[in-house]
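The next block holds one structure in the form of structure tokens; read it before the comments.
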Amino acid sequence: MALGCMRLEGPELLRAALQAGVRHFDSADVYGTSHTDGHGNEAMLAQELREHPDAVVVTKVGFVRPPKGRWLPDGRARHLRAAALKSVETLGRVDQLLLHFPDPKRSLGMSMRALAKLRDEGRVRGIGVCNVTLAQLRECLSYDLVAVQVPLSVLDTEAIRGGVVGAALAAGLQVQAHSPFGGPKGARRIGRDATLGAIAERHAVSPYSVALAALVDLGVLPLPGPTRRSTLSALLQARDLVLEDQDRAALDQAFPALRQLRVPRAVRRGEPSEQEVVVFVAVVVGMVVVVVV
């Protein structure tokens, strides 16, 4: 289980997560502060992880956060390098440095080269991308990524239907799911969902634990961002929740996109999952005869 740190308001929840065995923490240079120089959330994280060298520290760069207004993507190599070096200084180490969002005004390749240079210099251990399309992911694969982070929940499955999750898993990348409950509205729906509720009752856990376990069962690492210890305790139940075949069947029926990852396309269409094609080519009196078996 991992912890998304965007909504952290103090160190208490971090300490509780560490005590519970959580060792993967996701932050960003723009989290936890309204200042343009950012890194407030990272400073709190660094303080609590000082005695936990086994923790995986993930942060993201590529956004600027003006005092007023919306966050804006900034994929300039100069900005990414400066922000990343500040993150390394603040956190002490960065295990995964992710491009927070592709900048539509800049070349994606330029942004990735900036991140790759930081990795090659030993400033960070690995690099990855967030919030990308399938085409953008394919463009980035040549930079030896370690992770891709996308919005993903049982309710928000665009990253599955668009092919991003399948391609990332096929490439051996760690797939991280931010917003694993689909935001506040999605969280309310998950709490009321009949299928999740039935599975939760059978395993004596919460529907939110089932929603997380459904992603874990597909090989995805969810990044829930609780703000209360009681919520954290409920979410940690997902670590020990082992879904059964009847659970998977119910989930696939209620949320068909999940089945897209679990079952090969050929099988979903009622075709054999593996086919052997043999082509015979022969020349007969000047004609080419092709027989496919």
Side-chain angles (χ1 to χ4, degrees), residues 1-28 30-34 40-49 51-52 54-60 130-131 149-157 159 174-243 247 250-251 254-255 258:
M1 187 57 62
L3 189 72
C5 299
M6 177 180 175
R7 300 173 63 198
L8 285 179
E9 298 176 355
E12 293 79 13
L13 195 71
L14 274 175
R15 294 169 187 167
L18 285 164
Q19 290 173 0
V22 175
R23 290 296 184 269
H24 186 115
F25 298 88
D26 175 79
S27 187
V30 290
Y31 288 174
T33 177
S34 61
N41 185 282
E42 293 176 337
M44 178 174 58
L45 190 59
Q47 179 69 24
E48 299 304 318
L49 296 184
E51 298 180 2
H52 296 277
D54 57 330
V56 176
V57 180
V58 182
T59 197
K60 303 181 287 291
C130 305
N131 305 306
Q149 190 177 124
V150 290
L152 178 61
S153 72
V154 294
L155 301 175
D156 181 3
T157 55
Q174 181 184 61
V175 177
Q176 304 168 2
H178 75 72
S179 308
F181 301 132
K185 291 183 179 180
R188 289 192 289 271
R189 288 179 57 193
I190 283 176
R192 299 192 302 261
D193 186 84
T195 299
L196 297 175
I199 297 173
E201 184 176 359
R202 186 157 56 245
H203 292 277
V205 297
S206 75
Y208 302 100
S209 298
V210 177
L212 294 179
L215 298 179
V216 174
D217 195 56
L218 296 173
V220 172
L221 178 68
L223 301 172
T227 57
R228 298 192 302 265
R229 291 191 63 162
S230 59
T231 310
L232 174 65
S233 299
L235 299 183
L236 290 175
Q237 294 175 341
R239 293 186 302 182
D240 302 319
L241 175 56
V242 179
L243 296 178
D247 302 325
L251 288 167
F255 312 105
L258 304 185

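Residue numbers count from 1 along this sequence.
Of all heavy-atom pairs between Leu152 and Thr157, the closest is CD1-CA, 4.1 Å. Here the shortest heavy-atom pairing between Pro207 and Gly197 reads CG-CA, 4.4 Å. Shortest non-hydrogen contact noted between His24 and Leu223 is CD2-CD2, 4.2 Å. The two atoms that bring Ala20 and Arg239 nearest to each other are O-NH1, 2.6 Å, heavy atoms only. The shortest heavy-atom contact between Leu218 and Ala214 is CG-O, 3.4 Å. Between Tyr208 and Phe181, the shortest heavy-atom contact is O-CE2, 3.6 Å.
Side-chain contact between Val150 and Cys130 is absent, with no heavy-atom pair separated by less than 4.5 Å. His178 has its side chain out of reach of Asp26: every pair of non-hydrogen atoms, C-beta onward, lies at least 4.5 Å apart. Between Leu212 and Gln237 there is no side-chain heavy-atom pair separated by less than 4.5 Å. Taking 4.5 Å as the limit, some side-chain heavy atom of Leu243 sits within range of a side-chain heavy atom of Leu251. By the 4.5 Å heavy-atom criterion applied to side chains, Val56 and Phe25 are not counted as neighbours. No side-chain heavy atom of Leu221 sits under 4.5 Å from any side-chain heavy atom of Val216. In this structure, Asn41 and Leu8 have side chains that are in contact, with non-hydrogen atoms separated by less than 4.5 Å. With contacts defined as side-chain heavy-atom distances shorter than 4.5 Å, the pair Tyr31/Leu45 does not qualify.
We find the CD-CG distance between Glu48 and Leu13 to be 10.5 Å, quoted to the nearest 0.5 Å. One finds the SG atom of Cys5 at 10.0 Å from the CD atom of Glu42 (value rounded to the nearest 0.5 Å). Residue Asp217 holds its CG atom at 9.0 Å from CG of Asp247, rounded to the nearest 0.5 Å. The CZ atom of Arg188 sits 15.0 Å away from atom CG of Asp193, with the distance rounded to the nearest 0.5 Å. The distance from atom CG of Asp240 to atom NE2 of His203, rounded to the nearest 0.5 Å, is 12.5 Å. Taking CG of Leu155 as the start and CG of Leu196 as the end, the distance is 7.5 Å to the nearest 0.5 Å.
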Check your understanding: Do Leu215 and Val175 pass the side chain to side chain contact (heavy atoms under 4.5 Å, CB included) test, and can you show the C-alpha distance, the side-chain angles, and the key distance before you say yes or no?
Key -> CA-CA 10 Å; Leu215 298 179; Val175 177; over 6 Å; no
Practice item. Just do the side-chain hydrogen bond (donor to acceptor under 3.5 Å, both in side chains) check on Ser206 and Ser209 with the steps written out, would you? Key: CA-CA 5 Å; Ser206 75; Ser209 298; 3.2 Å; yes
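Arg23 places a side-chain N or O within 3.5 Å of a backbone atom of Leu18 that can act as its donor or acceptor partner. Side-chain N or O atoms of Lys60 include one that pairs as donor or acceptor with a backbone N or O of Ser27 at under 3.5 Å. In terms of modelled atom types and a separation under 3.5 Å, the side chain of Ser153 and the main chain of Asp156 share a donor-acceptor contact.
Under 4.0 Å is where a charged nitrogen must lie from a carboxylate oxygen, and between Glu12 and Arg229 no such pair does.
Annotation: Arg7, atom CZ; neighbour count of heavy atoms from other residues, nucleotides and ligands within 6.0 Å does not exceed 12.
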